[in-house]
Amino acid sequence: CGPRSFWPRPNVESAVIKMMFKPVEERLALPWPRLRAVTNAVFGSRRKILKNALKGLFPDTDIGAMLTDLDIDPESRGERMAPGQFLAIAGKVKEPS
């Protein structure tokens, strides 16, 4: 059903989205505090490349090498990352105290 189905024709497109959530056990097993720390670091400083945005989380680490090992471009920006890449980085963060 598109805009042609209405009169007067609207200037918008619409879609129906079906969301399927993972089971509760899977969601609870995710490293939420570490994932939050990664997303805050990446998106808290707009337009920074990853290796610079993550310096505060990994002060004694070669971030470029770590990201390369995770198959993530250290020169990329957060808005270009897939959800799984955030999880991969979160797996390298030490548990917040």
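Both backbone and side-chain heavy atoms feed into the values below; hydrogens, waters and symmetry mates do not. Fair warning: this is a prediction, and the values are worked out from it, not measured in the lab.
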Compare all side-chain heavy atoms of [X] with those of [Y] and state whether any distance is below 4.5 angstrom.
X	Y	value
L87	P31	yes
L67	L54	yes
K92	L70	yes
L50	M81	yes
I63	P74	no
L35	L30	no

_Same apolar cluster (I L V M F W Y, side chains within < 4.5 Å links), I49/M66_ =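 No; tracing contacts between hydrophobic side chains, which count when under 4.5 Å, never links both residues.
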*asked:* Quick check on the hydrophobic clustering: are M20 and V24 connected, directly or via other members, by side-chain heavy-atom contacts under 4.5 Å?
replied: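 Different clusters: M20 never reaches V24 through Ile, Leu, Val, Met, Phe, Trp or Tyr contacts under 4.5 Å.
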Closest heavy-atom pair and its distance - [X], [Y]:
X	Y	answer
K48	A53	CB-CB, 4.1 Å
V93	V38	CG2-CG2, 3.6 Å
F86	T39	CD2-CG2, 3.9 Å

*Give every residue pair that meets the salt bridge (Lys or Arg N to Asp or Glu O under 4.0 Å) criterion with at least one member in residues 57-73, sequence neighbours excluded.*
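Matches after skipping sequence neighbours: none remain.
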*Is there a donor-acceptor pair under 3.5 Å between the side chain of E26 and the backbone N or O of P23?*
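Pair absent, no side-chain N/O of E26 close to backbone of P23.
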*Please collect all side chain to side chain donor-acceptor pair (under 3.5 Å) contacts where either partner lies in residues 75-84, sequence neighbours excluded, each pair once.*
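Residue pairs passing side chain to side chain donor-acceptor pair (under 3.5 Å), neighbours aside: R47-E79, K51-E75.
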